[in-house]
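I have placed the structure first, in the form of structure tokens, so that the comments after it can refer back to it.
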Amino acid sequence: MADIPVGHGDQLMHTLAPRERLPKGIRLLIVARAVNRLGAFSLSFLTVLISTDFGVSAATAGLVSAAFGLATVPSRLFGGYLADRLGRRRTILLGLTGCAVAQLGIAAAGSLPVIAVFAVLLGLVFELFEPPSQAMIADGVRAADRTRAYSLLNAALAAAGMGAGLIAASVGRWDLRWLFVVDALTCLACAVIIGLVVPPDGPRRGRATPVTSSSAWRDPALLAMLGCGTLLALIYMVIMILLPLALPAYGLQAADAGFLFTVSALTIIAGQPLLRLRPVAALPPAAGLAAGAAFMAAGLAGYALAPTLAGNALAPALPALAVATVVWSVGDLLIMGRAYAIVAGLAPPDARGRYLAVFGTSWGFATVAAPLAGTQLLERLGAQGLWVCLAGACLVLVAASMSVGRLIEE
């Protein structure tokens with residue numbers, strides 16, 4: 001499908017255009033990414049593998065994992081640069097192949113220095129394929145359908161994530177190193193699918209055909225979206241990291257967080273048809289973000305109230321938490337695809353990879369800040385105080401989204 005000229009207001013076209021089925025190439029790209037996500041469980045066990053196989057302390061193993069995490073930040077930015085210079089397909093294949101090599105290196109490593117080198121290498125290639133995948137979706141669908149396409153990718157990854165947990169539970173009982181082998185195989189399978197179904201990139205850009213010279217970091221609308229995205233990512237990462245730690249305050253086990261995360265994934269998957277309803281699809285970008293943030297605030301407020309209800313024997317804690325999880329997950333559904341669609345609409349066609357990469361750094365910032373901020377809030381304010389603070393942060397996101405809307409529409 002031909003690209004649609006884009007600018008700071010092109011995402012507003014979604015209110016005018018009718019819905020149509022997503023192109024086959026985009027659907028197959030989403031399938032390929034889901035295949036890759038099926039194996040994306042090994043990193044959760046990297047610290048355990050290092051400490052058990054090499055007999056080092058958890059702190060030493062944690063340093064290796066931290067080095068991996070730090071390496072992922074330039075990885076995403078470089079992926080955006082390569083997506084615009086080298087091509088979407090080439091960059092995706094490079095990233096997936098690099099991940100497979102690094103994963104196999106970790107699986108075969110016989111010493112701590114070797115596994116540390118491959119862990120850093122994995123971090124440097126780990127995010128390469130994210131910006132070109134996202135840019136390819138923006139290239140291949142109309143502005144009217146981008147929110148739905150990005151939301152479908154989010155749902156496919158959520159569904160595959162549930163399958164990944166089952167694979168990890170079975171393979172991990174055998175040998176942790178085989179988790180990295182399976183992860184490498186899913187990377188290669190994803191690369192094969194993309195190699196077969198995605199058309200080759202055009203000629204590489206040379207000096208005669210330079211990419212857009214203006215820096216994505218100088219676009220005020222993108223920087224405003226980056227601020228909102230970082231706050232959203234911080235809220236999301238605190239939920240992911242702190243929910244297991246907060247559940248004992250509800251009289252539950254930390255492992256019960258797995259059930260709640262499954263509820264969230266199922267909500268995102270089952271809720272996809274909602275995005276095609278005309279009242280939802282016709283929401284202006286800023287209003288859609290604000291509505292999603294309001295749902296998240298309501299759900300997190302429900303988390304704060306659940307211990308009180310359970311303590312007064314008015315309702316069992318787990319069902320109350322499950323209902324609250326559905327509510328905030330509806331907010332996630334409304335926000336996630338829409339945010340990426342907005343950023344894709346802000347970008348010039350030949351800079352979409354870089355714009356999406358800059359926006360994606362919000363997750364890197366949040367991954368660093370969330371454990372520090374979340375644990376401090378939980379320790380000082382308790383579980384209820386933590387969720388009240390996060391609900392308040394969501395309300396700040398509501399106001400920020402409306403302010404960003406004015407910049408987008410300029």
Side-chain angles (χ1 to χ4, degrees), residues 6-15 30 33 76 80 127 130-131 133-138 141 143-158 216 219-237 239-240 264 268 271-272 274-275 280-297 328-347 351-367 393-409:
V6 292
H8 278 199
D10 95 329
Q11 66 274 14
L12 295 176
M13 293 171 59
H14 79 288
T15 61
I30 291 172
R33 288 296 313 276
R76 185 179 285 263
E127 299 283 358
E130 285 288 353
S133 296
Q134 295 160 357
M136 192 175 289
I137 290 175
V141 303
D145 294 321
R146 285 178 189 156
T147 295
R148 183 160 57 94
Y150 285 120
S151 295
L152 184 60
L153 174 62
N154 190 38
L157 296 180
D219 188 325
L222 175 62
L223 294 181
M225 281 298 298
L226 176 59
C228 287
T230 301
L231 179 56
L232 171 65
L234 180 61
I235 294 167
Y236 188 85
M237 291 303 299
I239 295 172
M240 295 298 106
S264 176
I268 292 170
Q272 290 301 305
L274 293 175
L275 298 175
V280 177
L283 284 173
L289 293 179
F295 269 98
M296 292 192 71
W328 74 253
S329 297
V330 170
D332 184 330
L333 174 69
L334 292 174
I335 290 177
M336 203 61 71
R338 195 178 303 272
Y340 283 100
I342 290 172
V343 173
L346 293 175
R352 285 176 182 150
R354 284 170 289 155
Y355 267 62
L356 288 161
V358 168
F359 181 68
T361 61
S362 58
W363 292 97
F365 300 147
T367 300
C394 289
L395 295 179
V396 172
L397 185 58
V398 171
S401 298
M402 299 307 295
S403 297
V404 169
R406 290 191 288 272
L407 274 176
I408 293 172
E409 293 164 8

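Throughout, numbering of the chain's residues begins at 1 and tracks the sequence. Side chains are part of it too, since the values below use all heavy atoms of this structure and drop only hydrogens, waters and symmetry mates. Only a predicted model underlies this, so the values are computations on that prediction, with no experimental measurement involved.
Distance CE/Met237 to CZ/Phe365: 14.0 Å, rounded to 0.5 Å. Taken from CD1 in Ile335 to CE in Met296, the straight-line distance is 5.5 Å, to the nearest 0.5 Å. Rounding to the nearest 0.5 Å gives a distance of 9.5 Å between CG of Leu289 and CG of Leu334. Phe295 CZ to Cys394 SG: the interatomic distance, rounded to the nearest 0.5 Å, is 12.5 Å. With rounding to the nearest 0.5 Å, the separation of CZ in Arg76 from CD in Gln134 is 6.0 Å.
For the residue pair Tyr355/Asp219, the side-chain donor-acceptor check at 3.5 Å is satisfied.
When the side-chain contact (heavy atoms from CB on, under 4.5 Å) test is applied to Ala393, the partners found at least two apart in sequence or on another chain are Leu231, Ile235. Residues that satisfy the side-chain contact (heavy atoms from CB on, under 4.5 Å) test with Ser151, not counting sequence neighbours, are Thr147, Gln272, Leu275. Tyr236 meets the ring-ring contact (aromatic ring centres under 6.0 Å, His included) test with Trp363; sequence neighbours excluded. Residues satisfying the side-chain hydrogen bond (donor to acceptor under 3.5 Å, both in side chains) test with Ser329, not counting sequence neighbours, are Ser264. Shown here are the side-chain contact (heavy atoms from CB on, under 4.5 Å) partners of Leu274, two or more places apart in sequence or in another chain: Leu277, Leu333. Every residue meeting the side-chain contact (heavy atoms from CB on, under 4.5 Å) condition with Leu157, not counting sequence neighbours, appears here in chain and number order: Arg33, Arg37, Leu153.
Smallest separation of non-hydrogen atoms from Phe359 and Gly229: CE1-CA, 3.8 Å. Across all non-hydrogen atoms, the minimal contact from Gly353 to Pro131 is O-CB, 3.7 Å. In terms of heavy atoms, Ala366 sits closest to Thr230 at CB-O, 4.3 Å. The two residues Ala156 and Ile30 come nearest to each other via the heavy atoms CB-CG2, 3.5 Å. Here the closest heavy-atom approach between residue Ser401 and residue Ala286 is recorded as O-CB, 3.4 Å. Listed here is the closest heavy atom pair of Ala290 and Met402: CB-SD, 3.7 Å.
Under the 4.5 Å side-chain criterion, counting only non-hydrogen atoms from C-beta, Ser362 is not in contact with Leu232. Between Ser133 and Ile137, the closest side-chain pair of non-hydrogen atoms is not below 4.5 Å.
Between the side chain of Tyr150 and the backbone N or O of Arg338, no donor-acceptor pair lies under 3.5 Å.
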| message | Pair Asp332, Asn154 - check side chain to side chain contact (heavy atoms under 4.5 Å, CB included), show working. | response | CA-CA 10 Å; Asp332 184 330; Asn154 190 38; 3.7 Å; yes
| query | Passes side chain to side chain contact (heavy atoms under 4.5 Å, CB included), Val330 versus Ile268? Steps please. | reply | CA-CA 7 Å; Val330 170; Ile268 292 170; over 6 Å; no
